[in-house]
Engineer: 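The structure's right below; bear with me while I get my questions together.
Convention: sequence-line order gives letters A, B, ...; per-chain numbering from 1. These numbers come from the heavy atoms of this one structure, side chains and all, not from hydrogens, waters or symmetry mates.
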There are 2 protein chains.
Amino acid sequence: MDAAVTNKEITIKDVAKQANVSVATVSRVLNGRDRVSDATRKKILKIIEELNFVPSTMAASMVKKKTNMLAVVVPEIQNPFYTAVIGGTVEIANNEGFFTIVISTNGNETEEEEFFESFLSKNVDGIVLIGTHREAGFYRNIRKPTILVDRYINDSGHDGVLIDNYRGAYEATKHFVDYGHERIAIIDGEHDFNDGKDRYWGYRQAMLEGGLTPDPKYHKQGKWLEEDGYRFAMELLQAEQPPTAIFAANNVICKGVIRAVRDLNLQIGEDISLIGFDENELAQFVQPRVTVVARPTREMGVQAAEMLIQKIKGEPKEQAKPKKVILDVELMKYGSVKKLK
Amino acid sequence: MDAAVTNKEITIKDVAKQANVSVATVSRVLNGRDRVSDATRKKILKIIEELNFVPSTMAASMVKKKTNMLAVVVPEIQNPFYTAVIGGTVEIANNEGFFTIVISTNGNETEEEEFFESFLSKNVDGIVLIGTHREAGFYRNIRKPTILVDRYINDSGHDGVLIDNYRGAYEATKHFVDYGHERIAIIDGEHDFNDGKDRYWGYRQAMLEGGLTPDPKYHKQGKWLEEDGYRFAMELLQAEQPPTAIFAANNVICKGVIRAVRDLNLQIGEDISLIGFDENELAQFVQPRVTVVARPTREMGVQAAEMLIQKIKGEPKEQAKPKKVILDVELMKYGSVKKLK
DNA sequence: TTGAAAGCGGTACCAA
DNA sequence: TTGGTACCGCTTTCAA
């Protein structure tokens with residue numbers, strides 16, 4: 001007698017009753033696999049329409065053990081690099097019939113762990129992960145199909161989509177060298193992931209090949225923050241012997257550098273040469289545009305989603321060996337590097 | 001005999017068996033509501049730990065009819081305004097024990113509908129929605145707790161979190177007027193949502209109050225795109241009688257205007273005065289910074305999430321009346337408006 | 001304090 | 001081509 005008016009969810013049973021068939025048959029037309037006579041199919045379809053019935057994907061997931069949900073886990077949701085990756089992933093996922101949960105770990109290992117323990121491992125079919133953890137053990141514990149993006153951890157046991165950070169940094173630095181620069185500074189951050197480390201070593205290698213010795217006082221390490229870019233650029237540019245060129249090893253550092261240059265009333269490409277890593281709006285807006293190592297951000301998300309879905313759909317056969325897909329970077333010469341001599 | 005080695009998911013049954021108790025008891029310690037003797041509780045907890053058991057939230061959701069998932073639906077995931085809203089929502093949601101699905105409709109009504117029909121209405125407890133649809137009917141059909149953000153539709157039957165677009169535009173325009181401007185242009189887009197319309201009428205009102213007649217040739221309507229901002233600014237600035245001030249009615253239009261001004265080698269705040277709507281990085285970077293109508297973007301997501309969760313947790317009592325929360329905007333005077341005396 | 005058992009809303013196997 | 005029914009993994013009465 002209670003809740004007569006309540007918006008009671010209608011279920012497959014209601015449809016079956018109305019249509020005078022069994023739930024099994026309704027289920028059949030829902031899934032479209034088994035054959036059902038045209039007459040009953042039409043009848044059922046009509047009732048579904050009338051009753052405005054929407055099957056519970058949850059109930060289905062429970063028996064199928066497939067949720068059709070992916071998770072994409074990023075350290076931070078406001079950084080345009082991450083939203084680009086998310087965008088690429090979401091697009092492919094939707095095309096393939098998957099929904100996507102977006103989770104931000106705030107670059108916090110504890111939060112990351114909690115998410116994995118409590119939820120992900122049970123309720124999604126696969127994960128696109130831009131990890132915060134540094135130890136391989138954490139990744140090996142993830143027993144779901146997972147693709148690591150951008151930050152790759154060796155021995156994690158998962159596939160990865162990365163870019164050639166080493167080469168990007170190498171090309172950038174070599175460009176400086178080719179244009180006659182000798183006092184070339186690099187602003188980066190901690191080297192606890194492959195990406196940051198590789199960029200530094202690419203820089204270093206190009207220096208050495210150019211007959212230059214990397215000078216510690218031109219290597220500024222912060223935390224990969226815009227503020228670091230600003231602060232270190234200020235320091236460098238006001239030093240007794242300022243560098244003639246700065247390599248900003250990620251997109252937000254580059255922003256900071258640009259601000260510093262502006263605040264010191266200097267001219268990019270004239271008073272100081274600059275190359276950034278990764279496109280960013282500011283860098284492309286200033287005059288002259290800042291030369292950057294461009295990476296295919298959105299494409300990384302696309303690749304990751306494609307690999308992930310293939311893995312989910314594919315045989316659960318023994319995975320040969322974790323596969324790394326390395327996408328190309330390109331040095332976009334926009335004119336912020338001055339030719340010396 | 002099959003699949004002996006397979007990574008079989010362990011369930012509540014396994015735990016019960018190991019602990020020599022019933023599944024009911026295990027469920028009790030899982031949920032912590034009912035009382036369980038300390039001894040058994042400890043025993044069970046230990047086994048859970050050993051077996052590394054993680055309960056299936058799906059199974060629980062099915063009987064509880066609560067998924068602990070929210071959806072936030074946005075037209076587009078790359079726009080920083082939307083990611084800020086998402087960020088605010090996700091933060092609150094996580095604090096309150098909810099996960100968040102992010103869905104991008106690509107500003108496409110059909111995609112939006114598909115999502116709602118197929119999935120949302122069944123599998124999430126509530127929705128934060130920045131809608132694409134224009135008709136109230138669509139919204140009335142959503143029978144889940146829903147908060148409309150930014151774009152409000154009357155008669156939708158849902159609560160909303162908005163900003164005072166009218167006042168923002170009014171203040172901006174009045175600022176121009178106060179500084180002696182008379183030829184004041186506005187670049188906006190279609191008026192199919194309240195936000196755009198209100199901005200236009202705010203502009204209009206301030207003009208009239210200032211004794212100025214809005215001149216159609218200074219009202220440029222595009223599609224709210226950066227490209228529109230660029231194109232129309234180009235047109236306006238190269239006209240026979242160019243305006244002395246431009247009100248760019250959203251963030252991306254403002255970017256376009258800035259680019260146009262730069263490409264024409266003009267000086268903001270000198271050759272052309274400019275006010276934008278909403279903060280954007282470019283506007284705050286150029287020299288002088290562009291005066292903007294600032295709105296609390298992230299805060300909108302926070303508010304929406306709080307209202308939503310309260311609604312979900314609260315009594316399903318008859319909702320008095322859809323509630324609109326209107327957040328304040330503020331004119332940030334950064335110096336891009338010239339005083340014409 | 002604990003256990004037995006009836007679901008939640010579907011799917012899929014076995015029979016008819 | 002259809003129906004009956006045993007689950008999926010958990011929660012929640014009701015009884016013990």
Engineer: Just by distance, do the side chain of T89(A) and the backbone of G301(A) share a donor-acceptor pair under 3.5 Å?
Structural biologist: yes

Engineer: Not counting sequence neighbours, which residues clear side chain to side chain contact (heavy atoms under 4.5 Å, CB included) with V63(B)? List them please.
Structural biologist: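 Partners of V63(B) by the side chain to side chain contact (heavy atoms under 4.5 Å, CB included) criterion come out as none, since no residue qualifies.
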
Engineer: Taking any atom closer than 4.0 angstrom to a non-hydrogen atom of chain A, what span of DNA chain D does the protein reach, first nucleotide to last?
Structural biologist: dT1(D) to dG9(D)

Engineer: Please confirm whether the backbone N or O of L70(A) pairs with a side-chain atom of D125(A), one donor and one acceptor, at under 3.5 Å?
Structural biologist: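 Not at all, since once roles are kept as given, no pair shorter than 3.5 Å links the two residues.
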
Engineer: By the salt bridge (Lys or Arg N to Asp or Glu O under 4.0 Å) test, which pairs, at least two apart or in different chains, include something from residues 81-107 of chain A?
Structural biologist: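 Qualifying pairs, neighbours excluded: E91(A)-R298(A), E96(A)-K313(A).
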
Engineer: For E135(A), what residues pass the side chain to side chain contact (heavy atoms under 4.5 Å, CB included) criterion, not counting sequence neighbours?
Structural biologist: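 Expected list: E109(A), H133(A), F138(A).
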
Engineer: Taking all non-hydrogen atoms of both residues into account, name the closest pair between M58(B) and T67(A) and its distance.
Structural biologist: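 The answer is SD-CG2, 3.6 Å.
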
Engineer: Report, as a single string ordered 5' to 3', how protein heavy atoms within less than 4.0 Å touch nucleotides 6-16 of chain C: B base, S sugar-phosphate only, - not at all.
Structural biologist: --BBBSBB---

Engineer: Please state how far atom CZ in R41(B) lies from atom P in dT1(C), giving the value in whole angstrom units.
Structural biologist: 10 Å

Engineer: What contact category does D38(A) fall into here, base, sugar-phosphate, or nothing, at under 4.0 angstrom with non-hydrogen atoms?
Structural biologist: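 No contact.
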
Engineer: Strictly by salt bridge (Lys or Arg N to Asp or Glu O under 4.0 Å), give each pair with a member in residues 20-33 of chain A just once, sequence neighbours left out.
Structural biologist: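 Every pair satisfying salt bridge (Lys or Arg N to Asp or Glu O under 4.0 Å) with a residue in residues 20-33 of chain A: R28(A)-D34(A).
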
Engineer: With a 4.5 Å limit on heavy-atom distance, are the side chains of T146(A) and F116(A) in contact?
Structural biologist: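 They are not in contact (no side-chain heavy atoms under 4.5 Å apart), so the answer is no.
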
